[in-house]
Amino acid sequence: MDAGAQARSFLLRNDAHAVDGVVLGRPHPAVLGVIIGVTPGETTPETEYAKAVRAVAQGAHTLTDVTTDGGPTLRRRVLESLNTVYGTVPTYEVFRRIRRGRQAPRDAVLAVLEEQAAEGVDFFTVHASATPEQARALGASDRVIPVTSRGGAMMVEVMDALGVGNPYAECFDEVLDLCRATGAALSLAGTFRPGSIADALDATHLAEVEVQAGLVRRAHAKGVKVSVELVNHVPVHLIPAYCALGRERLDGAPFGALGPSPTDIAITHDHVAGAIGATTAALHGTSWVTCVTAGEHCRIPDAEDIVTAVKYFQIALHIAEVGRTGDVARDAKLSRARNDNDWTAMAELAVHPADAQELVARQGYHHGEACTMCRGTCPLVRGKAIRARQG
């Protein structure tokens, strides 16, 4: 694609799924996603459904189900009961059927996607861009983390162990026909997206982005909704370069970020680092931002971890939207209320009103009262008194 190609946006929703959907792509505001999913021995459909409910209530726009045990319980319950855009990573079930069920790769891919599309899954995160050549070269890789994608590593194993091509690539036209017929979208995952900021913009990932670009053009030619998972672990000064790459190479398709994480050393505080990265990414054109939780690289998040991450990322995306549009109206309105020491109005205008209202109630503030930070030396109260004398 040329640098001047037109940005594409679309309604993210399966035709069979009775939800509102969400518009994805420039010039619309960035969409916020959350990851849930059953990990055998660690979580259950019940605990993951509870996370889904909390995330949607907090304002997340999409849920991505990374369940690895092949069970449909969580997927079907969310699809039937929550008004939210819902996607899966079919690679995990495809891998199970190929490696454990001895199913032919092409048959496994199409069977899994057909089953889930019929249930109403809105988007599929697929690992279609790793090549057999990259799989064979993995042993000689000098990357800090050769593969950071769980599903991507599965497809690399299939190619390496069975001597076959990428299972998705081998039947990509049929995958596109299925998506076109159902309205489901494709999210092209990055097998070799950087898992360390030291690997950002390296030759391995740039080569994969070119493969993704070709897949995007094929999807667009068939009228299929498609986005690209582009940005992951990237130092903050290179996030704009990744976004420019997405705008220049991906035929106008929306591109997304996992975080992104602008540092590798924020263990237990990865949600803070991710929110910082998300501000920069969204400011520079990233359309789909997936939350990173506090213990992202160390443990499965609980419901509170997810809610906290959503809150941090909502602040990040608001900051980015102000930078993108120049619209400071909401911030200025809150600041006028702050100048008036109007605690009720301040709480209502906050990014997270319930949290602000709880704080005001706990502190017992009333209109015109200074907060405990300044009390008798509050410049806002003093300023009003000065203006009153001068008036």
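Just so we're clear, the structure is a prediction, and the values are computed from it rather than from any experiment.
In this structure, the side chain of Glu208 does not engage the main chain of Gly190 through any donor-acceptor pair within 3.5 Å. Judged by distance alone, the side chain of Glu93 and the main-chain N or O of Gly71 form no donor-acceptor pair under 3.5 Å. The backbone N or O of Leu113 lies less than 3.5 Å from no partner atom in the side chain of Gln116, so there is not a single donor-acceptor pair. Formation of a donor-acceptor pair under 3.5 Å by the Arg75 side chain with backbone atoms of Glu119 is not found in this model. At least one donor-acceptor pair under 3.5 Å links the side chain of Asp122 to the backbone N or O of Asn14. Under a 3.5 Å cut-off, the side chain of Tyr242 and the backbone N or O of Ala281 do not form any donor-acceptor pair. In terms of modelled atom types and a separation under 3.5 Å, the side chain of Lys333 and the main chain of Ala345 share no donor-acceptor contact. A donor-acceptor pair under 3.5 Å is formed between the side chain of Thr67 and the backbone N or O of Val38.
The pair Arg218-Asp173 counts as a salt bridge, with a side-chain nitrogen and a carboxylate oxygen less than 4.0 angstrom apart. Salt-bridge annotation for Glu42 and Arg299: absent, with no side-chain N of the basic residue lying under 4.0 Å from a carboxylate O of the acidic one. Using a 4.0 Å cut-off between charged side-chain N and carboxylate O, Glu304 and Lys51 make no salt bridge. A salt bridge links Arg8 to Asp251: one of the charged nitrogens lies within less than 4.0 Å of a carboxylate oxygen. Comment: Arg76 does not engage Glu80 in a salt bridge, judged by the lack of any side-chain N to carboxylate O separation of less than 4.0 angstrom.
Within a 6.0 Å radius of CZ in Arg100, no more than 12 heavy atoms belonging to other residues, nucleotides or ligands are found.
Counting heavy atoms from C-beta on, the side chains of Lys225 and Cys179 never come closer than 4.5 Å.
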